[in-house]
Amino acid sequence: MRSAPKSAVVLAALCTLVSCGREAPRAGQEQGRKAPSLPKVPVVVRFRPPADGLLTDAHIDHYIRVRRASRGRTDEEATTGVGVDPEEYAWSRARILEAIVQLETAQVRGAAEGTYSRTIAALRQAREGAKDRETARKLDEQIAALERERQGFKAPDPAPPAVVANARKIAPRRAEIQAPPK
């Protein structure tokens with residue numbers, strides 16, 4: 001059998017080392033040193049959020065699909081599993097959460113206003129039936145205090161139009177959106 005020339009063997013060894021992503025150690029160099037890394041490939045942006053910030057039915061559908069698939073999985077695993085862009089899911093989730101907060105804020109403010117109105121109405125009715133001056137005076141003071149308190153509430157800062165529109169969009173589907181993963 002004929003032996004290969006030394007230069008061919010050395011060349012083959014160098015090619016093997018380079019193809020494995022390692023450099024052959026040079027004299028006086030540490031073997032633990034890493035080879036220089038390759039230039040990073042730029043990330044391709046697939047999802048571009050709408051400029052107006054409005055949710056579409058497709059965004060909501062994708063969000064729900066990922067939520068249903070997320071039981072015991074990370075968001076990344078769930079989005080990959082159902083074929084939804086993780087960036088789209090994150091954007092949709094943020095818009096949906098903003099809209100839910102808007103809906104709940106309006107609900108709480110409405111409930112508080114209703115409680116004040118009912119309480120003041122009940123006190124006025126009790127005032128009309130008061131038999132003595134002292135009771136009437138105390139009821140008048142309570143009514144005045146509640147009226148001042150109600151008037152002292154700061155009007156809410158107006159929500160951005162996109163948040164208001166998204167809240168209207170998700171309101172009919174809120175139960176479906178907030179349902180726990182199955």
Side-chain angles (χ1 to χ4, degrees), residues 12-26 29-119 149-182:
L14 283 175
C15 288
T16 303
L17 286 175
V18 170
S19 68
C20 291
R22 295 184 211 131
E23 289 182 2
R26 294 187 184 118
Q29 277 190 335
E30 299 175 12
Q31 282 194 343
R33 191 186 271 184
K34 290 185 178 179
S37 63
L38 297 174
K40 297 197 179 194
V41 177
V43 176
V44 177
V45 177
R46 295 170 293 197
F47 174 72
R48 292 201 187 271
D52 58 7
L54 298 178
L55 288 165
T56 64
D57 287 327
H59 292 134
I60 297 169
D61 292 339
H62 292 167
Y63 173 81
I64 292 169
R65 194 168 11 148
V66 171
R67 289 253 313 143
R68 287 182 181 155
S70 68
R71 185 175 184 161
R73 302 162 106 185
T74 66
D75 286 347
E76 187 176 335
E77 292 169 340
T79 55
T80 302
V82 296
V84 172
D85 187 329
E87 291 176 23
E88 176 187 353
Y89 173 75
W91 181 86
S92 298
R93 181 176 185 266
R95 300 301 75 78
I96 287 170
L97 290 176
E98 288 173 344
I100 288 171
V101 167
Q102 176 67 24
L103 291 171
E104 289 181 357
T105 300
Q107 183 179 5
V108 167
R109 288 190 74 77
E113 179 61 37
T115 300
Y116 273 97
S117 296
R118 286 189 303 278
T119 304
E149 191 174 317
R150 179 168 62 174
Q151 305 246 328
F153 283 145
K154 179 184 168 208
D157 294 331
V163 173
V164 173
N166 287 337
R168 279 194 304 265
K169 180 91 170 165
I170 70 158
R173 298 181 71 182
R174 191 168 173 187
E176 182 184 14
I177 288 168
Q178 291 183 301
K182 294 178 181 182

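- If you take CD on Glu87 and OG1 on Thr79, they are separated by 10.0 Å, rounding to the nearest 0.5 Å.
- Considering all non-hydrogen atoms of both residues, Leu54 and Ala165 come closest at CD2-CB, 3.6 Å.
- More than 12 non-hydrogen atoms from other residues, nucleotides or ligands lie less than 6.0 angstrom from CZ of Arg150.
- Here the CD1-OG distance, from Ile177 to Ser92, works out to 10.0 Å after rounding to the nearest 0.5 Å.
- Heavy atoms only, all atoms of each residue included: Thr115 and Thr119 are closest at O-OG1, 2.8 Å.
- Between Asp85 and Arg48 no salt bridge is recorded (no basic side-chain N to carboxylate O distance below 4.0 Å).
- Electrostatic pairing of Glu176 and Arg68 counts as a salt bridge here, judged by a charged N lying under 4.0 Å from a carboxylate O.
- Judged purely by atom type and a 3.5 angstrom limit, Asn166 uses its side chain to pair as donor or acceptor with the backbone of Leu55.
- With contacts defined as side-chain heavy-atom distances shorter than 4.5 Å, the pair Arg93/Val66 does not qualify.
- Between Tyr116 and Phe153, the ring planes are perpendicular. Angles over 60° get that label, and only those under 30° would be called parallel.
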| said: Is there a side-chain contact (heavy atoms from CB on, under 4.5 Å) between Arg173 and Asp61? Walk through the geometry before answering. | reply: CA-CA 10 Å; Arg173 298 181 71 182; Asp61 292 339; 2.6 Å; yes
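- For the pair Asp57/Lys169, a side-chain contact is recorded, criterion being any heavy-atom separation below 4.5 Å from C-beta on.
- Taking CG of Asp157 as the start and OG1 of Thr105 as the end, the distance is 11.0 Å to the nearest 0.5 Å.
- Atom CD of Glu76 has 12 or fewer heavy atoms from other residues, nucleotides or ligands within 6.0 Å.
- Residue Ala162 comes nearest to Gly53 through the heavy atom pair CB-O, 4.1 Å, listed as atom of the first residue, atom of the second, then distance.
- Expressed to the nearest 0.5 Å, how far CG of Leu97 lies from CD of Gln178 amounts to 9.0 Å.
- Between the CD atom in Gln102 and the CD atom in Glu104 there is a gap of 11.0 Å [rounded to 0.5 Å].
- Contact record, Ile100 with Arg174: CG2-NH2, 4.1 Å, taken as the closest heavy-atom pair.
- The closest donor-acceptor contact from the side chain of His62 to the backbone of His59 lies at 3.5 Å or more, if one exists at all.
- Of all non-hydrogen atoms in Gly81 and Arg73, the two that sit nearest each other are CA-NH2, 4.1 Å.
- In this structure, Pro86 and Arg46 have side chains that are in contact, with non-hydrogen atoms separated by less than 4.5 Å.
- Taking each heavy atom of Pro180 and Arg67 in turn, the nearest pair found is CA-NH2, 4.0 Å.
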